[in-house]
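Both backbone and side-chain heavy atoms feed into the values below; hydrogens, waters and symmetry mates do not. Chain A is the first sequence line, chain B the second, and so forth, proteins listed ahead of strands; every chain is numbered from 1.
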Amino acid sequence: MGTPAFAAEVLRAIAEKPGVELVGAVTRPDKPKGRGMKLLMSPVKEYALARSIPVFQPKTLKNGAFDQELAALEPELIVVAAYGNILPHEVLVFPKYGCVNAHGSLLPKYRGASPIQRAILDGERETGITAMFMDDGLDTGDVIKTYPCPIEDGDDCGSLTEKLAVIAGKAMCETIDTLLDGTVTRTPQPEEGASYAAKIGKEDEALDFSRDAESLRNQIRALSPAPLASTTTPDGRGLKIAQAALGGDCPDTEPGLVTEVGSKGEGYVRVACGKGSLLITKLVPEGKKCMSAGDFVRGRKIAAGDLLGRQPERL
RNA sequence: CGCGGGGUAGAGCAGUCUGGUAGCUCGUCGGGCUCAUAACCCGGAGGUCAUGUGGUUCAAAUCCCUUCCCCGCAA
């Protein structure tokens with residue numbers, strides 16, 4: 001059971017594992033999405049269809065809505081990765097081997113919906129995958145094994161998620177092996193050090209340049225490649241920042257002020273922050289595609305002296 | 001039919017309102033300057049202005065209409 005690309009990678013790993021019979025893939029229903037009313041299928045569904053794995057898309061698992069299908073499939077084990085729906089107790093206890101989950105953090109840290117984003121946002125240097133048994137709580141089940149993964153300086157949410165997805169795939173394969181040969185271990189999570197990674201929302205996207213450059217850069221990394229940290233240009237249009245580097249000291253300057261632009265090559269836009277400055281290197285203007293800062297400067301859309309993020313956040 | 005922006009040289013844009021020689025900042029190629037350079041100077045190549053044997057016109061990148069595609073917002 002899973003939905004996004006992260007889950008599709010786990011599905012792939014399991015599907016290619018010898019001796020595993022996949023009786024079905026469960027993913028969220030196609031949702032009318034995007035500009036028109038395009039129905040977009042999840043990466044998990046896409047992969048499952050390509051491999052001729054039966055796909056199930058129940059709106060909910062609650063209230064016995066999925067019981068019939070579940071009974072017919074007779075799964076011995078359910079592997080969950082970023083599914084997006086809550087599994088009720090009846091489902092959790094149905095399979096012979098139970099339900100195992102690949103969670104994108106080193107539990108009990110960052111339980112919840114957005115562990116990867118939150119870890120980057122907080123400037124963590126290490127995260128990982130936790131293989132665990134699911135219980136009725138939110139990512140509170142017994143831990144099978146943890147797989148640490150460093151967060152590199154150049155990582156953004158996209159690259160880190162890819163790395164973790166690969167680890168998660170291996171972790172689940174390993175978990176299946178230990179389940180089958182009976183060597184699986186389970187360790188209750190310590191309550192100490194537990195934290196909750198709330199889902200990333202719109203309020204996490206706006207950049208506040210009065211904060212220090214490092215935390216702003218973490219914010220940009222955590223939200224890249226989607227949904228991206230956002231600010232506004234002097235003419236009031238939206239501007240999303242896809243990538244930025246630390247730009248050194250920038251004393252006595254109004255936060256948000258563009259102090260310097262570079263038009264050669266990839267270029268850059270230096271923005272003063274509450275502490276230090278940011279060198280913006282990739283961005284997405286409203287109505288445009290992602291482009292380098294150099295392209296943006298060349299198109300005459302910004303110059304030194306402009307003030308970004310003027311509009312106070314309305315919340 | 002949710003709202004809106006956009007498609008002009010390899011990239012990013014201007015020009016469109018007020019039809020009349022295809023422009024700018026870069027990149028690229030060649031040459032020059034220099035101890036040297038991603039710096040500076042000179043020169044060149046590169047575009048059927050998304051689509052339509054569309055409409056209007058003496059004349060369309062520009063005004064009108066068609067279709068396709070891209071993106072932001074909202075969900």
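- Grouping Ile, Leu, Val, Met, Phe, Trp and Tyr residues whose side-chain heavy atoms lie under 4.5 Å apart, directly or via other members, places A/I116 in a hydrophobic cluster with A/F6, A/I120, A/I129, A/Y147, A/I151, A/L160, A/L164, A/I167.
- For A/K289, the side-chain atoms get nearest to B/C71 when compared with the rest of B/C73, B/A11, B/C71.
- Remark: the separation of the P atoms in B/A14 and B/U57 is 31 Å, to the nearest Å.
- Both A/G294 and A/R300 sit near RNA chain B, but only A/G294 has its closest nucleotide nearer the 5' end.
- Here B/G43 sits opposite B/C29 as a Watson-Crick or G-U wobble pair (both hydrogen-bonding atom distances under 3.5 Å).
- By the 4.5 Å side-chain criterion applied to Ile, Leu, Val, Met, Phe, Trp and Tyr, A/I144 is assigned to a cluster that also includes A/V10, A/L11, A/I14, A/V20, A/L22, A/V44, A/Y47, A/I53, A/L77, A/V79, A/Y97, A/V100, A/F133, A/M172, A/I176, A/L179, A/L180, A/V184.
- Pair assignment for B/C58 gives B/G20, based on Watson-Crick or G-U wobble hydrogen-bonding distances that are each under 3.5 Å.
- Under the Watson-Crick or G-U wobble criterion, with both distances below 3.5 Å, B/C68 is paired with B/G7.
- When the C1' atom is compared between B/A11 and B/A75, the two are found 34 Å apart, to the nearest whole Å.
- For the C1' atoms, the distance from B/A74 to B/A60 is 37 Å, rounded to whole Å.
- For A/K240 and B/G72, the NZ to C1' distance is 7 Å, given to the nearest whole Å.
- Applying the side-chain contact (heavy atoms from CB on, under 4.5 Å) test to A/V55 and every residue at least two apart in sequence or in another chain returns A/T27, A/K45, A/A48, A/L49, A/Q57.
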Distances under 3.5 Å between nitrogen or oxygen atoms of protein and nucleotides 6-10 of chain B:
from: B/G6; atom 1: O2'; to: A/K288; atom 2: NZ; distance (Å): 3.0

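- B/U34 and B/C24: their C1' atoms are spaced 29 Å apart (whole Å).
- In this structure, A/E286 atom CD and B/C70 atom C1' are separated by 15 Å, rounded to whole Å.
- Legend: side-chain hydrogen bond (donor to acceptor under 3.5 Å, both in side chains) pairs involving residues 8-21 of chain A, not counting sequence neighbours, sorted by first then second residue: A/E9-A/R12, A/R12-A/E16, A/K17-A/D177.
- Taking atom CZ on A/R237 and atom P on B/C71, their separation rounds to 17 Å, with Å as the unit.
- Across every strand in view, B/A36 sits unpaired, with no contact that passes the Watson-Crick or G-U test at under 3.5 angstrom.
- Nucleotides B/C73 and B/G10 place their P atoms 29 Å apart, quoted to the nearest Å.
- Atom P of B/C41 sits at a distance of 35 Å from the matching atom of B/C17, rounded to the whole Å.
- Listed by chain and number, the residues in a side-chain contact (heavy atoms from CB on, under 4.5 Å) with A/Y110 are A/S105, A/P115, A/R118, A/A119, A/D122, A/E124, A/S195, A/A197 (sequence neighbours excluded).
- Using a 3.5 Å distance cut-off with no hydrogens or angles, the side chains of A/Q243 and A/R221 do not pair a donor with an acceptor.
- Listed candidates were B/G72, B/U25, B/G12. Nearest to the side chain of A/V284 is B/G72.
- For A/E126, there are no salt bridge (Lys or Arg N to Asp or Glu O under 4.0 Å) partners at least two apart in sequence or on another chain.
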Quick test: give all pairs of protein nitrogen or oxygen and nucleotides 36-42 of chain B nitrogen or oxygen below 3.5 Å, distance rounded to 0.1 Å.
from: B/A39; atom 1: OP1; to: A/K264; atom 2: NZ; distance (Å): 3.2

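- If you measure from atom CE of A/M291 to atom C1' of B/U25, you get 14 Å, rounded to the nearest angstrom.
- One finds no salt bridge joining A/D139 and A/R111 here, because no Lys/Arg side-chain nitrogen approaches an Asp/Glu carboxylate oxygen to under 4.0 Å.
- Rounded to whole Å, atom C1' of B/C26 lies 15 Å from atom OH of A/Y268.
- When the P atom is compared between B/G46 and B/G5, the two are found 36 Å apart, to the nearest whole Å.
- Rounded to the nearest Å, the gap between the P atom of B/A61 and that of B/A22 is 9 Å.
- A/K282 places its NZ atom 15 Å from the C1' atom of B/G12, with the value rounded to the nearest Å.
- Heavy atoms of other residues, nucleotides or ligands lying less than 6.0 angstrom from CG of A/D249 number 12 at most.
- Taking atom CD on A/E205 and atom P on B/A74, their separation rounds to 8 Å, with Å as the unit.
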For residues 80-96 of chain A, which side-chain donor-acceptor pairs fall under 3.5 Å, sequence neighbours excluded?
from: A/H89; atom 1: ND1; to: A/D136; atom 2: OD1; distance (Å): 2.9
from: A/H89; atom 1: ND1; to: A/D136; atom 2: OD2; distance (Å): 2.9

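- Atom pair A/L283:CG and B/G12:P shows a separation of 13 Å (rounding to whole Å applied).
- For the residue pair A/S263 and A/R298, no side-chain donor N or O sits within less than 3.5 Å of a side-chain acceptor on the partner.
- In this structure B/C73 sits in a base pair with B/G2, meeting the Watson-Crick or G-U test at under 3.5 Å.
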